[in-house]
Amino acid sequence: MIDFLVENLLLLPFLFPAYLVLEWVEAHAGDALEQKLGRVSHLGPLFGAFAGVVPQCGFSAAAASLYAGGVVSLGTLIAVFLSTSDELIPILLAESRVSTLFLTKLIVAKVVFAVLAGFLVNAFLYAIGRRGPSPHVGELCAHSRCSCAERKGILVPALIHTVEIFVFLLVVSGVLHVVLEHFGGEDALAGFVLNRPIVGELLSGLLGLVPNCAASAACAKLYAAGGMSAGALMASSLTGAGVGLLVLFRSHRHQLQNVAILASVYAFGVLFGCLYDFLF
């Protein structure tokens, strides 16, 4: 239970700065700012992939909030989600049966796949006439009914949003934690056999979507024990965006788009997992 609380508290250093940025953008929104964001968005997937690969899931939560406020592009969000791996990398580091060379290849491949997917998404949106990021923090506030527009400055509104999302994650993650513990936690998840081609990637991709470090731990143990192929591990690590998807569904009001984003993350995870198995 203490570990669960610490995991959620570690999100605060990522969430609060993200909402400070959102409130600053809202206060300075204008055509010039939108044009600058549009230019920066072209390289967003590259920066997002490198930021997301750092072993934590706080940046995926921050990226989801920034996307909901129209500050980063969809390609950048996808890149962050795919490069994030929750607690998988530290757990693999602790496994003596996993070589440093394999771990290095896994991390490099994750970044490459995340950048590729992010640029593909942005290119597709550009081809169908969708512009780059367009700040709409007011829409985010209307969705959460926080009455931020009535307050002066950016500190208090940012704090309100941070607390709101933190409480939401605490409740949802708490329920999920209790459910997983009831059914055996990591040991129950580790009961899957995921070393079959394609089927392993399909199932591992679903396992990675579980917003809990128990899923990461189970995947690491499965791979080390030979119960999961390298491609299946890649698939689970690509879809394992931590609490990022939870924040997206809470803060972004267009739920059909959220479902499409989730499906895209899963599809990219399975596809690149199969590709990784084929290449390596």
Side-chain angles (χ1 to χ4, degrees), residues 10-11 13-22 24-25 33-34 36-89 106-126 130-137 140 165 205 208-209 211 216 234-252 257-258 260-269 271-273:
L10 289 176
L11 295 174
F14 294 90
L15 289 174
F16 185 61
Y19 282 113
L20 278 177
V21 170
L22 282 169
W24 182 87
V25 168
L33 180 59
E34 290 194 27
K36 289 179 182 179
L37 287 174
R39 289 195 294 268
V40 174
S41 69
H42 295 310
L43 293 176
L46 181 63
F47 296 124
F50 277 101
V53 79
V54 178
Q56 42 69 41
C57 62
F59 198 80
S60 69
S65 298
L66 292 172
Y67 173 75
V71 175
V72 300
S73 68
L74 178 57
T76 300
L77 179 69
I78 294 290
V80 172
F81 279 178
L82 291 176
S83 66
T84 300
S85 56
D86 203 0
E87 300 297 323
L88 180 67
I89 293 174
L106 182 78
I107 295 172
V108 171
K110 273 176 63 67
V111 172
V112 172
F113 289 150
V115 171
L116 178 60
F119 280 128
L120 284 174
V121 169
N122 277 353
F124 172 75
L125 294 177
Y126 181 80
R130 291 280 297 274
R131 295 177 56 195
S134 177
H136 46 262
V137 184
L140 186 150
I165 291 296
L209 291 174
S216 299
M234 173 60 74
S236 68
S237 72
L238 288 169
T239 60
V243 297
L245 285 166
L246 286 180
V247 175
L248 179 69
F249 274 86
R250 179 64 186 88
S251 58
H252 190 233
Q257 292 181 19
N258 295 338
I261 293 170
L262 186 151
S264 298
V265 169
Y266 176 71
F268 277 125
L271 175 63
F272 289 137

Side chain to side chain, Phe59 and Thr84, heavy atoms closer than 4.5 Å:
no
So, does Lys110 use its side chain to make a donor-acceptor pair with the main chain of Leu82 at under 3.5 Å?
yes
Heavy-atom distance under 4.5 Å between the side chains of Leu46 and Phe50, does that happen here?
yes
Given 3.5 Å as the limit, does a donor-acceptor pair link the side chain of Ser83 with the main chain of Ala49, or not?
yes
Approximate separation, where rounding is to 0.5 Å, of Phe272 CZ and Thr239 OG1:
13.0 Å
Working to the nearest 0.5 angstrom, can you tell me the gap between Ile261 CD1 and Phe249 CZ?
8.0 Å
Output for pair (Leu77 CG, Ser264 OG), nearest 0.5 Å, gives 10.0 Å
Minimal heavy-atom distance between Ser251 and Ala64, with the atoms involved, is OG-O, 4.1 Å
Might you work through the side chain to side chain contact (heavy atoms under 4.5 Å, CB included) test for Tyr67 and Thr76, ending with a clear yes or no?
CA-CA 9 Å; Tyr67 173 75; Thr76 300; over 6 Å; no
Pairwise distance CG(Asn258) to CG(Leu248) - rounded to 0.5 angstrom
4.0 Å
How long is the span from the OH atom in Tyr266 to the CG atom in Leu245, to the nearest 0.5 Å?
14.0 Å
Distance check, rounded to the nearest 0.5 Å: Leu106 atom CG versus Leu238 atom CG?
8.0 Å
Report yes if the side chains of Asn122 and Pro45 come closer than 4.5 Å at any heavy-atom pair, otherwise no.
yes
